[in-house]
Amino acid sequence: MSNENLNKTKKICKRLNPSLLSADFWNIKDALETLSELGVKSLHIDIMDGHFVPNISFGPGVIKTIRKGSDLFFDTHLMIDDPLEFIPKFIDAGSDSISVHVETKDNVNECFDLMDDAGIQKGLVISPKTSVVELEPYLDRINRITVMSVEPGFGGQSYIPSSSQKIRDIKELVGDRDIEIQVDGGVNKDTIEEINEAGADKFVAGSAVFEGDIKKNIEELVDELK
Ligand code: DX5
Ligand code: ZN
């Protein structure tokens, strides 16, 4: 690979946010090292409680364990009924950013207060059926918005096509604020270009990164954006 090509690849890898949900936990150490070698800087961590979404993933103990061996930016996505109760545990486990759903029943500003006290980044996640205006009250407080482009709960679902317009609408709403827009769900080599054109800054990708050969998968995703 030429130097120019390598630089381009690294630049795009910085915009990938692989989702741990699809990782092979038997080989997690190698997988995370491979990501870092390729120039990936962050890891998306899906927390599901079987109530907010009909699936269970992992808790703070798992994050604490992988924190010991990885210096990736840990982007924790809470899909749980009681974020206020659990945020301190996910901060303690080593999250660099925590995102709560705008649909949560808990008080979003109180969730953010806990993150501010700990000095970590704050994010909001918006589900497919929720209107973008729900984000408005929090825009001056957040570092990132995660646009769900599938119904939250499972990896490996297909990208909902109307998400592209939603990304554009959110980009307009955000204006010149320093807020990262990332897209979560159904990101793969067939959809990443469209998502990029809609204005996403980052791409959360689970199955498209971890299923099969990670290096080959990432090269294929990156090629779409070159
Ligand atoms: C779904 C999760 C996603 C999931 C994406 O609720 O929020 O982060 O891991 O998986 P893929 O990339 O396979 O659609
Ligand atoms: Zn997620």
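Residue numbers count from 1 along this sequence. Order of appearance sets the numbers: ligands from 1, and atoms from 1 within every ligand. Here the structure is a predicted model, which means the values were calculated and not measured.
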Per-atom contacts of ligand 1 with [X], taking only distances under 4.0 Å to non-hydrogen atoms:
| X | result |
| --- | --- |
| His77 | 7 (O) |
| Ala205 | 12 (O) |
| His44 | 8 (O) |
| Pro152 | 6 (O) |
| Leu21 | 9 (O) |
| Met48 | 6 (O) |
| Gly185 | 14 (O) |

Heavy-atom nearest neighbour in the protein, as seen from [atom], with distance rounded to 0.1 Å:
| atom | value |
| --- | --- |
| atom 13 (O) of ligand 1 | Ser207 OG, 2.5 Å |
| atom 1 (C) of ligand 1 | Phe154 O, 3.6 Å |
| atom 12 (O) of ligand 1 | Gly206 N, 2.7 Å |
| atom 9 (O) of ligand 1 | Ser19 OG, 2.8 Å |
| atom 14 (O) of ligand 1 | Gly186 N, 2.9 Å |
| atom 10 (O) of ligand 1 | Gly155 CA, 3.4 Å |
| atom 11 (P) of ligand 1 | Gly156 N, 3.6 Å |

Which N/O/S atom belongs to [X] and is the closest one to the Zn ion (ligand 2)?
| X | value |
| --- | --- |
| Asp184 | OD2 |
| Asp46 | OD1 |
| His77 | ND1 |

Would [X] and [Y] count as having a side-chain donor-acceptor pair, cut-off 3.5 Å?
| X | Y | value |
| --- | --- | --- |
| Thr76 | Ser95 | yes |
| Gln182 | Arg144 | no |
| Asn27 | Asp30 | no |
| Asp46 | Ser19 | yes |

Legend entry - Heavy atom of Val150, distance to ligand 1 below 4.0 Å: no
Inset, instruction - Work out whether the distance between some heavy atom of Ala208 and some atom of ligand 1 is less than 4.0 Å. - result: no
Legend entry - Neighbour count >12 (heavy atoms, 6.0 Å) for atom CG, Asn5: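 Check passes, neighbour count above 12.
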Legend entry - More than 12 heavy atoms from other groups under 6.0 Å of NZ on Lys226: yes
Inset, instruction - Please confirm whether Asp184 comes within less than 3.5 Å of ligand 1 when only nitrogen or oxygen atoms on both sides are compared. - result: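 Yes; the residue has a nitrogen or oxygen that sits under 3.5 Å from a nitrogen or oxygen of the ligand.
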Legend entry - Contact (N/O only, under 3.5 Å) between Gly153 and ligand 1: yes
Inset, instruction - Could you walk me through whether Arg168 and Glu172 pass salt bridge (Lys or Arg N to Asp or Glu O under 4.0 Å), step by step? - result: CA-CA 6 Å; Arg168 285 189 199 95; Glu172 204 180 316; over 6 Å; no
Inset, instruction - Check the pair Arg67, Asp96 against salt bridge (Lys or Arg N to Asp or Glu O under 4.0 Å), reporting the backbone distance first and the verdict last. - result: CA-CA 10 Å; Arg67 180 79 288 173; Asp96 296 295; 3.0 Å; yes
Inset, instruction - Can you spot which of Asn17, Asn143, Thr146 makes a side-chain hydrogen bond (donor to acceptor under 3.5 Å, both in side chains) with Asp75? - result: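 That would be Asn17.
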Inset, instruction - Would you mind finding which of Thr191, Asp46, Ile45 brings a heavy atom closest to atom 2 (C) of ligand 1? - result: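 Among Thr191, Asp46, Ile45, the closest heavy atom to atom 2 (C) of ligand 1 belongs to Asp46.
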Inset, instruction - Go through the steps to decide whether Leu43 and Leu35 satisfy the test side-chain contact (heavy atoms from CB on, under 4.5 Å), and finish with yes or no. - result: CA-CA 9 Å; Leu43 185 70; Leu35 294 179; 4.2 Å; yes
Inset, instruction - Could you check whether the rings of Phe112 and Tyr138 sit parallel, tilted or perpendicular, using 30° and 60° as the cut-offs? - result: perpendicular
Legend entry - N-O pairing of Lys216 and Glu220 below 4.0 Å: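 Yes.
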Inset, instruction - Please determine which of Thr130, Val174, Ile145, Ile179 meets the side-chain contact (heavy atoms from CB on, under 4.5 Å) test together with Leu135. - result: Ile145
